[in-house]
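Here is the structure we will look at, set down as structure tokens.
Labels below follow one simple rule: chain letters A, B, ... track the order of the sequence lines, proteins then strands, and each chain is numbered from 1. Hydrogens, waters and symmetry mates are skipped; everything else that's a heavy atom, side chains included, is used.
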Amino acid sequence: MENKFINDVYFYCSKIPRGKISTYGEIARAMGTKAYRQVGQALKRNPYAPKVPCHRVVKSSGDIGGFSGSDLKNIKKKISILKEEGVDVKNGKIVDFEKRLFRIS
DNA sequence: CGCTTGACACCGT
DNA sequence: AACGGTGCCAAGC
């Protein structure tokens, strides 16, 4: 683990249980930093594709955010996965966001 | 070593 | 509610 920051992102991400979600800011905060954007960068790289459920991370506003870039195609894919996980998405927004939000210790 | 970039967040208009 | 500008912090070049 050369990059502590990025590694931590993956760590916290993998902690998110199925059917729940978390936000970039929440993860950053849990890490003790405010580099929200770096969290996103890390997930975009995501070398641990299946191991780290990067699709369970969304924006604090309840928006989906991005997925493998900001392309609409990928966003759709992300929503699809979330729905399969049991998270409803409406108009690119998480349904019952506060409820689905997984708060990190 | 300094400037640009970015899967964000927050606040004002 | 939608849009835009500003702040934040690490990674890339």
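- Distance A/Lys59 NZ to C/dA2 C1': 13 Å, rounded to the nearest Å.
- The aromatic rings of A/His55 and A/Phe67 lie perpendicular to each other, with more than 60° between the two planes, well past the 30° mark.
- The interatomic distance linking A/Leu43 (CG) with C/dA10 (P) rounds to 16 Å, in whole Å.
- Ranking B/dA7, C/dA11, C/dG7 by closeness to the A/Tyr36 side chain, first place goes to C/dG7.
- The backbone N or O of A/Ser14 lies less than 3.5 Å from no partner atom in the side chain of A/Lys51, so there is not a single donor-acceptor pair.
- In terms of phosphate contacts, A/Arg29 brings no side-chain nitrogen or oxygen within less than 4.0 Å of OP1 or OP2 of C/dC8.
- Across all strands, A/Phe67 comes closer than 4.0 Å to base atoms (heavy-atom distances).
- Within the nucleic acid shown, A/Gln38 comes within 4.0 Å of at least one base atom, counting heavy atoms only.
- Counting non-hydrogen atoms under 4.0 angstrom, A/Lys44 reaches a base of the nucleic acid.
- Taking the side chain of A/Ser60 as heavy atoms from C-beta on, and the options B/dA7, B/dA9, C/dC9, the nearest nucleotide is B/dA9.
- Taking side-chain N and O atoms only, A/Lys34 has no distance below 4.0 Å to OP1 or OP2 of C/dC8.
- Along DNA chain C, the nucleotide nearest A/Arg45 and the nucleotide nearest A/Ala35 are compared for position; the residue whose nucleotide lies closer to the 5' end is A/Ala35.
- Per the geometry, NZ belonging to A/Lys93 stands 10 Å off C1' belonging to C/dA1, to the nearest Å.
- In this structure, CE of A/Met31 is placed 13 Å from P of C/dC9, rounded to the nearest angstrom.
- Here the P atom of nucleotide B/dC10 and the CG atom of A/Asp63 are 13 Å apart, to the nearest Å.
- Rounded to whole Å, the distance from CG on A/Leu101 to C1' on B/dA9 is 14 Å.
- When every heavy atom of A/Ala42 is checked against every heavy atom of A/Tyr10, the shortest pair comes out as O-OH, 2.8 Å.
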Item to complete: Could you check A/Ile64 against A/Leu82 for side-chain contact (heavy atoms from CB on, under 4.5 Å), going step by step and ending with a plain yes or no?
Response: CA-CA 10 Å; A/Ile64 294 302; A/Leu82 283 174; 4.0 Å; yes
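- The CD atom of A/Glu26 sits 16 Å away from the C1' atom of B/dC10 (whole-angstrom rounding).
- Here the closest non-hydrogen pair linking A/Ile75 and A/Gly66 is CD1-CA, 3.4 Å.
- Atom pair A/Phe97:CZ and B/dA9:C1' shows a separation of 12 Å (rounding to whole Å applied).
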